[in-house]
There are 2 protein chains.
Amino acid sequence: MKQIFHRRRTLRDVAKAAGVSLSTASNALNGVGRVNMETRDRVCQIAQEIGFRPNALARSLISKRSLTIGMLTNDTYGRLTLPMGAGVSEVLVDHGVSVFLCATNNDERLARLHLQALLDKQVDGIIFTATRRDVKPPPELLSLPIPVVYAFAEGPPQNVSFVPDDAHGARLAVEHLKQIGRSRILHITGPTDYLAVRIRAEGYRQSCDDPWEVMVGDWSEEWGYEAIEAVFSGNAHPRPDAIFCGNDEIARGVIDALRDRNISVPGDISVVGFDNWEVIARQTRPPLTTIDMELKELGRRAGLAMLHLSRGETVTPGIVRLPCRLVLRQSSQASG
Amino acid sequence: MKQIFHRRRTLRDVAKAAGVSLSTASNALNGVGRVNMETRDRVCQIAQEIGFRPNALARSLISKRSLTIGMLTNDTYGRLTLPMGAGVSEVLVDHGVSVFLCATNNDERLARLHLQALLDKQVDGIIFTATRRDVKPPPELLSLPIPVVYAFAEGPPQNVSFVPDDAHGARLAVEHLKQIGRSRILHITGPTDYLAVRIRAEGYRQSCDDPWEVMVGDWSEEWGYEAIEAVFSGNAHPRPDAIFCGNDEIARGVIDALRDRNISVPGDISVVGFDNWEVIARQTRPPLTTIDMELKELGRRAGLAMLHLSRGETVTPGIVRLPCRLVLRQSSQASG
DNA sequence: CTGAAAGCGCTAACAC
DNA sequence: GTGTTAGCGCTTTCAG
């Protein structure tokens, strides 16, 4: 395939066709300055007809605002980055701001390469997102000539960071379980080197009247399954009547293991997950009650903050913790 | 948060500091024209020191190449779009090309908005990707002043489109099953209004010596589960010794149903899925043999094609079908 | 109200 | 080899 494309229309074309000068055409189209109604309409009319669109590059060169931001993410677009990205561009697109997506794939060189390209292209700001909120952002971000916002990552105190309120999420889960009459609540979760794991566990301990020892493993279904085996095999373990899992995959393993043991969910034991990863949470049997981190909203907030900053406005710095949401399905209460 | 940022260094700053003219500085930094080795080094040295970086906007204004492309996708970044996006930017980043990600969310208005923004920003080209290859691309794409490449979508014949070779994938699955000695192969798949469903089914029929009637439902685990119930409940149905599923979710339902019926996988029945969606395929018990559509490679090819086109080179038009890959796990053969 | 002129930051002819 | 000049497409004083 090879196509020949004809020159784009420029403001000059419009001006000539309308028989006015460049500046008049410009003023007319932008609705600034003093310009006769009639000429204004005529210019706009003609611009429309010949399909004129202003060259954003030329504009940005003057205005020093490119209406462009970069989104730097450390993963190959995991399930976390995506909803956030959607949120970000959702709030920005109406303001004409486009988003460069840069997947650094956890590669230092790639990150630098992308960052350099972004700066060269004069992006108005950068949103850094990660798959783990305790990922250390690249140090280059600390001394940039443009604003930086952190999403699902904790930036330095002088910047704005948006993270899900994991403690709140854990509380939501536990409170819900208590409210439906559960009291022996077990927490099975992922590796403790994840900040989120530690915070969720702490949230669990604080809202539980009688917290049990937290069971720590990896993020897999397998671990959830094994954990249940461990709890129900010997007689050593006391029996829970509810299980709050650190993520949905673990919860799925837990539910499968309970079913294999003919323990009814939610009849005998209520199960709550974390993440609301639909492909898992909707497909457990029964469907999983879980905690949604509202990532899209998080993205929206980050995008909004970026918008303000790029206009030179002030945004309160610090780490903003956004509330989670309890998603009720059948795994916690029979009436669903 | 509010920060004051100081003016960026311009070529003029470099020239002044080096005591040369603008053009000499430019030539030196770009290694073009005739410029004395010593002055060249000195200029570069100084540029480095004061942290000069050329303004890509100004450059693009002259070169008419923005080193920027747009990726238009119809979904909120499904699991298909993402690996492709990674592939695209992987091949482009080394050439200084950045990618605008535009999620249209299947909204006409949003699509137009994004498209307009992209054109205004003088992107060198557009990659259109979809979640279904039979999604009709927006008609606006047909008459654009820049090249358009289709990925996981079928564009008009005069353009290049890259799609996974579903027929090949189906053949891979069936051939594999035959090779391990299976002959009564059942195909359980998704809705027939999906082009991919029809092609995979056709591939199944052609490579099977004795194809059975294809079982059609939706894309869910539930459907896979139900389908097995249907097959094994009455006596009407003949019993398969292998099941090729239209996607991994169905396969998971199938495996769960078989386990619930104490039918051994892969002992009695081999199961093969489609998609290689790891969160599912890795977590079935046993882990799922499946077909990978090599989406990242697909993205790479699309990015490469874009690169050529944006340089004005010729690319053979038409629909390019990229081979799939069989991912062996334990669900098809015991030795795994 | 409108137009001529300068300039954003950079590149590319073309003199010197 | 190096500097001067024009200009990419647009906005923006500032005269008229």
Side-chain angles (χ1 to χ4, degrees), chain A residues 5-44 46-47 50-68 96 117 119-124 145, chain B residues 5-44 46-47 50-68 96 119-124 145-146:
Chain A
F5 304 111
H6 36 307
R7 215 181 96 272
R8 293 198 186 172
R9 299 310 180 179
T10 80
L11 186 60
R12 185 184 245 96
D13 297 326
V14 179
K16 197 180 301 173
V20 296
S21 77
L22 269 179
S23 48
T24 304
S26 174
N27 285 340
L29 287 169
N30 294 317
V32 297
R34 293 166 309 234
V35 115
N36 191 355
M37 272 270 287
E38 286 167 23
T39 48
R40 194 177 62 80
D41 290 346
R42 186 158 43 89
V43 170
C44 290
I46 289 181
I50 69 175
F52 167 78
R53 291 250 88 212
N55 183 326
L57 262 33
R59 273 189 159 178
S60 304
L61 195 54
I62 299 170
S63 68
K64 313 228 176 269
R65 297 202 47 220
S66 63
L67 295 186
T68 277
L119 292 174
D120 290 358
K121 283 169 183 140
Q122 314 293 114
V123 292
D124 297 331
Chain B
F5 304 113
H6 34 307
R7 217 182 94 274
R8 293 199 185 171
R9 300 309 181 178
T10 82
L11 186 59
R12 185 186 243 96
D13 297 327
V14 178
K16 197 181 300 175
V20 296
S21 77
L22 268 180
S23 51
T24 304
S26 173
N27 286 338
L29 288 169
N30 295 316
V32 297
R34 293 165 312 231
V35 67
N36 192 354
M37 273 272 285
E38 287 167 22
T39 48
R40 193 176 64 80
D41 291 347
R42 187 158 43 88
V43 170
C44 290
I46 290 180
I50 69 175
F52 167 77
R53 292 250 87 210
N55 183 326
L57 262 33
R59 273 189 159 176
S60 303
L61 196 54
I62 300 171
S63 68
K64 313 229 176 265
R65 297 203 47 222
S66 64
L67 295 185
T68 278
L119 292 174
D120 290 356
K121 283 167 186 145
Q122 314 292 115
V123 293
D124 297 332
I146 49 171

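Here is the naming used below: chain letters follow the sequence lines, and residue numbers restart at 1 for every chain.
A distance of 8.5 Å separates CG of A/L67 from CZ of A/R59, quoted to the nearest 0.5 Å. Here the straight-line distance linking atom OG1 of A/T10 with atom CD1 of A/I50 works out to 8.0 Å at 0.5 Å rounding.
Atom CD in A/Q122 sits roughly 9 Å away from atom P in C/dG9 (whole-Å rounding). A straight line from CG of A/L57 to P of C/dC10 spans 14 Å, rounded to a whole angstrom. Summarising the geometry, the separation between CG on A/L29 and C1' on D/dT12 is reported as 15 Å, rounded to the nearest angstrom. What separates CZ of B/R34 from C1' of C/dT11 is a distance of 16 Å, to the nearest Å. Look at CG on A/N30: it is 10 Å from P on D/dC10, rounded to the nearest Å. The distance from atom CZ of B/R42 to atom C1' of D/dG1 is 12 Å, rounded to the nearest whole Å. For A/L22 and C/dA5, the CG to P distance is 12 Å, given to the nearest whole Å. Here D/dG1 presents its P atom at 13 Å from CZ of B/R40, a figure rounded to the nearest Å.
Of the candidate nucleotides C/dT2, D/dC10, D/dT2, D/dC10 has the atom nearest to the side chain of A/P54. Among the nucleotides C/dG3, D/dC10, C/dA15, the one closest to the side chain of A/N55 is D/dC10. For B/L61, taking side-chain heavy atoms from C-beta onward, the closest of the listed nucleotides D/dC8, D/dT2, D/dC10 is D/dC8. Residue A/I62 places its side chain closer to C/dG7 than to any other of C/dG3, C/dG7, C/dC1. Between C/dT2, C/dC10, C/dA12, one nucleotide has an atom nearer to the side chain of A/N36 than all others, and that is C/dT2. Residue B/R59 places its side chain closer to C/dC10 than to any other of C/dC8, C/dC10, D/dC8. The side chain of A/L11 lies closest to D/dT11, out of D/dT2, D/dT11, C/dG9.
B/A18 and B/V43 get closest at one heavy-atom pair: CB-CG2, 4.1 Å. Here the shortest heavy-atom pairing between A/A47 and A/L29 reads CB-CD2, 3.7 Å. Residues A/R8 and B/I146 share a closest heavy-atom pair of NH2-CG2, 3.5 Å.
Side-chain N/O atoms of B/S23 and base N/O atoms of D/dG3 include a donor-acceptor pair closer than 3.5 Å. No hydrogens or angles were tested; on distance alone, nothing pairs the side chain of B/S26 with the base of C/dA12 as donor and acceptor under 3.5 Å.
Both A/N27 and A/K64 lie close to DNA chain C; mapped to their nearest nucleotides by heavy-atom distance, the more 5′-ward contact belongs to A/N27.
Remark: B/S21 is in phosphate contact with D/dG3, judged by side-chain N or O atoms under 4.0 Å from OP1 or OP2. Contact check, B/S63 against D/dC8: no side-chain N or O comes under 4.0 Å of OP1 or OP2.
Counting non-hydrogen atoms under 4.0 angstrom, B/S60 reaches nothing in the nucleic acid. Within the nucleic acid shown, A/T10 comes within 4.0 Å of sugar-phosphate atoms alone, with no base atom in reach, counting heavy atoms only. In this structure, B/V32 reaches neither bases nor backbone, as no heavy-atom distance under 4.0 Å exists between it and the strands shown.
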Decide yes or no on side-chain contact (heavy atoms from CB on, under 4.5 Å) for A/T68 and B/T68, but give the supporting numbers first.
CA-CA 11 Å; A/T68 277; B/T68 278; over 6 Å; no
